Amino acid sequence: MSEQVGADILLGQVLSFASDPFADGPSAARHESHGAVAIENGRILATGPADQVRAAYPQARITDYGQCLISAGFIDAHVHYPQTAIIASWGKRLIDWLNSYTFPEEMRFADRAYADEIANRYLDLALAHGTTSMCTYATIHPESVDAFFTAAQSRGLRAFAGKTCMDRNAPETLRDTVQSSYDDSKRLLQKWHRQDRLSYVITPRFSPTSTPEQLAALGQLWHEYPDCLMQTHLSEQVDEIAWVKDLFPQSRDYLDTYESQGLLRSGAVYGHAIHLTQREKDRLIEAGASLVHCPTSNTFIGSGLFDMSHANHLRVGLATDTGGGSSFSMLHTMAAAYEVGQLRGQALHPAHLWWLATVGSARALHAEHQIGNIAPGMEADLTILDLQSTPAIEQSTRRAADIWQAIFPTIMMGDDRAIRATWIGGKSTA
Ligand SMILES: [Zn+2]
């Protein structure tokens with residue numbers, strides 16, 4: 001017998017998506033100015049005009065958020081939770097940044113207690129910023145995966161993570177081997193994949209830090225567990241691409257270093273993917289791969305400008321890339337995506353930005369039937385936003401003639417102060 005907990009109704013402005021704004025334009029979004037979301041047993045029962053939803057569930061508990069915006073929770077599709085404490089560290093190129101900050105910090109995750117501390121700190125920060133799901137890299141240490149999944153499970157989150165694999169071009173204490181990376185990944189996968197709302201992700205860091213043999217072993221593991229995702233980095237910086245060319249002289253291009261080892265198909269999630277050849281673009285589309293745009297990271301590290309036209313052909317998600325990115329906030333990340341789009345001559349409407357941070361990221365993680373939107377049957381992970389969270393935003397919003405004008409100042413200037421509440425699996429976290 002399931003516990004009868006009764007329905008909840010949340011009142012406010014409700015924003016959801018009926019279709020993809022990259023295909024159908026801003027009218028793909030649905031806005032209900034006096035709306036409601038009814039939830040029960042962790043799932044959304046109904047959404048629509050407040051009067052109708054209240055009439056349908058007269059016994060439900062009411063939580064009235066007034067003029068606040070009720071959205072699907074944000075989904076951060078590419079995170080390095082172990083880099084939480086080194087976010088916003090001054091650096092130069094990617095390789096310098098890895099050597100100066102990332103690798104010394106990641107060494108500390110051999111200590112389970114430290115991994116627990118940072119996993120909990122990261123998740124508290126993510127939730128405070130309205131992020132209700134994430135896909136993270138751990139470190140090479142199995143303990144770092146256990147720490148993250150334990151912390152995510154205790155919060156009831158839908159979360160994705162994997163042990164980062166590196167068997168070359170990293171400090172000795174941060175290297176695994178072909179065999180240990182396969183064995184540890186498999187053991188962690190068997191332990192955590194599909195436990196509650198958790199998903200294991202096979203995670204080679206990127207080609208420069210894996211031998212072809214390690215990539216092949218992880219390709220083999222993915223073949224054995226085809227319903228997992230596989231995440232890695234692709235073509236983030238020009239220097240990095242030249243390095244890959246030196247390390248893999250036989251490969252046609254960067255993508256081929258993965259493709260030739262069984263690491264390209266639907267379910268592959270590539271972070272960055274900025275500098276792509278035509279062959280790579282064609283193969284990514286043929287394979288049905290996912291790309292994740294990390295705009296604050298790309299500008300912070302100076303990597304380049306993502307081509308948002310990929311969203312017309314591929315599953316494209318949005319991410320902070322914490323701590324290469326400079327913020328935990330998906331609002332800041334949307335603002336950076338807007339600015340990167342402007343620099344490329346690709347004007348993104350607020351509907352595109354909001355879609356990327358919710359449905360787009362869910363699709364990139366093949367979780368769009370569970371999270372990322374407000375519709376009956378979806379899991380009830382919601383973020384409630386105050387669209388007048390600071391005086392600067394409030395004075396701009398006051399002039400808004402429509403919902404997008406009301407939302408855009410919060411996208412451009414908002415932060416964790418805009419997050420009024422989050423609901424995870426139908427429960428308020430406040
Ligand atoms: Zn990354």
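None of these values were measured; they are calculated from a predicted model.
- For Thr277, the side chain to side chain donor-acceptor pair (under 3.5 Å) test picks out Glu280, with sequence neighbours left out.
- Across every non-hydrogen atom of Ala337 and Leu353, the tightest pair is CB-CD2, 3.9 Å.
- Results of the side chain to side chain contact (heavy atoms under 4.5 Å, CB included) test with His78 over Leu318, Val269, Asp321 single out Asp321 as the only residue that passes.
- With salt bridges taken as basic N to acidic carboxylate O contacts below 4.0 Å, one links Arg279 and Asp253.
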For residues 15-24, which side-chain donor-acceptor pairs fall under 3.5 Å, sequence neighbours excluded?
| from | atom 1 | to | atom 2 | distance (Å) |
| --- | --- | --- | --- | --- |
| Ser19 | OG | Asp24 | OD2 | 2.7 |
| Asp20 | OD1 | Phe22 | N | 2.7 |

Please tabulate, for side-chain N and O atoms in residues 208-219, each donor-acceptor pair with protein atoms closer than 3.5 Å (sequence neighbours left out).
| from | atom 1 | to | atom 2 | distance (Å) |
| --- | --- | --- | --- | --- |
| Thr209 | OG1 | Phe206 | O | 3.2 |
| Ser210 | OG | Gln214 | OE1 | 2.7 |
| Thr211 | OG1 | Asp167 | OD1 | 3.4 |
| Thr211 | OG1 | Asp167 | OD2 | 2.6 |
| Thr211 | OG1 | Gln214 | N | 3.1 |
| Gln214 | OE1 | Asp167 | N | 3.3 |
| Gln214 | NE2 | Asp176 | OD1 | 2.8 |
| Gln214 | NE2 | Ser181 | OG | 3.0 |

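- One finds the CG atom of Leu305 at 11.5 Å from the CD atom of Glu339 (value rounded to the nearest 0.5 Å).
- Not less than 6.0 angstrom separates the ring centroid of His193 from the ring centroid of Phe160.
- Put simply, the side chain of Thr132 never gets that close to the backbone of Ile424: no donor and acceptor are under 3.5 Å apart.
- With sequence neighbours excluded, the residues that form a ring pair (Phe, Tyr, Trp, His ring centres under 6.0 Å) with Phe74 are Trp354.
- With hydrogens and angles ignored, the 3.5 Å screen pairs no side-chain donor or acceptor of Glu106 with any backbone N or O of Gln83.
- For Arg168, the side chain to side chain donor-acceptor pair (under 3.5 Å) criterion is met by no residue, not counting sequence neighbours.
- Salt bridge Arg43/Glu40: absent, no basic N to carboxylate O contact under 4.0 Å.
- Annotation: Phe306 is in aromatic contact with His310 [ring centroid separation under 6.0 Å].
- Checked against side chain to side chain donor-acceptor pair (under 3.5 Å), Thr322 has the following partners two or more places apart in sequence or in another chain: Thr320.
- Considering CD of Gln13 and CD1 of Ile70, their distance stands at 9.0 Å, rounded to 0.5 Å.
- Without hydrogens or angle criteria, Thr131 side chain to Leu127 main chain gives no donor-acceptor distance under 3.5 Å.
- Here the straight-line distance linking atom NE2 of His31 with atom CG of Leu69 works out to 6.5 Å at 0.5 Å rounding.
- Using a 4.0 Å cut-off between a side-chain N of Lys or Arg and a carboxylate O of Asp or Glu, Asp8 and Lys427 do not qualify as a salt bridge.
- No side-chain N or O of Asn373 forms a donor-acceptor pair with one of Arg30 less than 3.5 Å apart.
- Taking the side chain to side chain donor-acceptor pair (under 3.5 Å) definition, one finds that Trp355 meets it with nothing, sequence neighbours left out.
- Of all heavy-atom pairs between Ala147 and Ala119, the closest is O-CB, 3.8 Å.
- Ring geometry for His272 versus His233: interplanar angle under 30°, hence parallel rather than tilted (30 to 60°).
- Ring geometry for Trp423 against Tyr65 counts as perpendicular: the plane angle is over 60°, on a 0 to 90° scale with 30° as the lower cut.
- Between the side chain of Glu117 and the backbone N or O of Ala113, no donor-acceptor pair lies under 3.5 Å.
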Original post:
Which is it for Trp192 and Phe149 under the ring pair (Phe, Tyr, Trp, His ring centres under 6.0 Å) test, yes or no, and what are the steps along the way?
Top reply: CA-CA 7 Å; Trp192 291 108; Phe149 276 139; 5.3 Å; yes
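- Salt-bridge formation is not detected for the pair Asp183/Arg187: no Lys NZ or Arg NE/NH1/NH2 atom is positioned less than 4.0 Å from an Asp or Glu carboxylate oxygen.
- Taking CG of Leu385 as the reference point, atom CZ of Arg417 lies at 13.5 Å (rounded to 0.5 Å).
- The closest side-chain donor-acceptor pair between Tyr225 and Gln190 falls under 3.5 angstrom.
- With hydrogens and angles ignored, the 3.5 Å screen pairs no side-chain donor or acceptor of Ser326 with any backbone N or O of Phe300.
- Heavy atoms only, all atoms of each residue included: Ser309 and Gln346 are closest at N-NE2, 3.6 Å.
- Of the N and O atoms on the side chains of His141 and Asp184, not one donor lies less than 3.5 Å from an acceptor on the other residue.
- For Tyr182, there are no ring pair (Phe, Tyr, Trp, His ring centres under 6.0 Å) partners at least two apart in sequence or on another chain.
- Side-chain contact of Asp256 with Gln250: a donor-acceptor pair under 3.5 Å is absent, judged by distance alone.
- Residues Arg121 and Ala85 share a closest heavy-atom pair of NH1-CB, 3.9 Å.
- Nearest approach of Val201 to Cys135, heavy atoms of both residues: CG2-SG, 4.1 Å.
- By the side chain to side chain contact (heavy atoms under 4.5 Å, CB included) test, Ala152 is found to be paired with Leu123, Phe148, Leu157, Ala159, Leu198, residues two or more places apart in sequence or in another chain being considered.
- Tyr270 and Gln231 form no side-chain donor-acceptor contact under 3.5 Å, judged by distance and modelled atom types alone.
- In this structure, the separation between CG on Leu174 and CG on Asn169 is 12.5 Å, given to the nearest 0.5 Å.
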Please list, one pair per line, the donor and acceptor atoms closer than 3.5 Å that link side chains of residues 286-293 to other protein atoms, with sequence neighbours excluded.
| from | atom 1 | to | atom 2 | distance (Å) |
| --- | --- | --- | --- | --- |
| Glu286 | OE1 | Arg283 | NH1 | 2.6 |
| Ser290 | OG | Ala364 | O | 2.8 |

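- A ring-centre distance under 6.0 Å is found for Phe408 and Tyr338.
- Counted by atom type alone, Thr429 and Thr422 present one or more donor-acceptor pairs between their side chains at under 3.5 Å.
- At least one donor-acceptor pair closer than 3.5 Å links the side chain of Trp222 to the backbone N or O of Cys228.
- Checked by atom type and distance alone, the side chain of Tyr137 pairs as donor or acceptor with a backbone atom of Thr232 at under 3.5 Å.
- Looking only at distances, a side-chain donor or acceptor of Arg315 sits under 3.5 Å from a matching main-chain atom of Arg363.
- Contacts of His349 classified as side chain to side chain contact (heavy atoms under 4.5 Å, CB included), with partners at least two apart in sequence or in another chain: Pro26, Ala351, His352, Trp404.
- Judged as a side chain to side chain contact (heavy atoms under 4.5 Å, CB included), and not counting sequence neighbours, the contacts of Asp416 are His129.
- Judged by distance alone, the side chain of Asp386 and the main-chain N or O of Ala418 form no donor-acceptor pair under 3.5 Å.
- One finds the CG atom of Leu11 at 8.0 Å from the OG1 atom of Thr63 (value rounded to the nearest 0.5 Å).
- Exactly one residue among Leu365, Asp76, Ile371, Thr358 makes a side chain to side chain contact (heavy atoms under 4.5 Å, CB included) with Ser133. That residue is Ile371.
- Proximity of a side-chain donor or acceptor of Lys163 to a complementary backbone N or O of Ile140 within less than 3.5 Å is detected.
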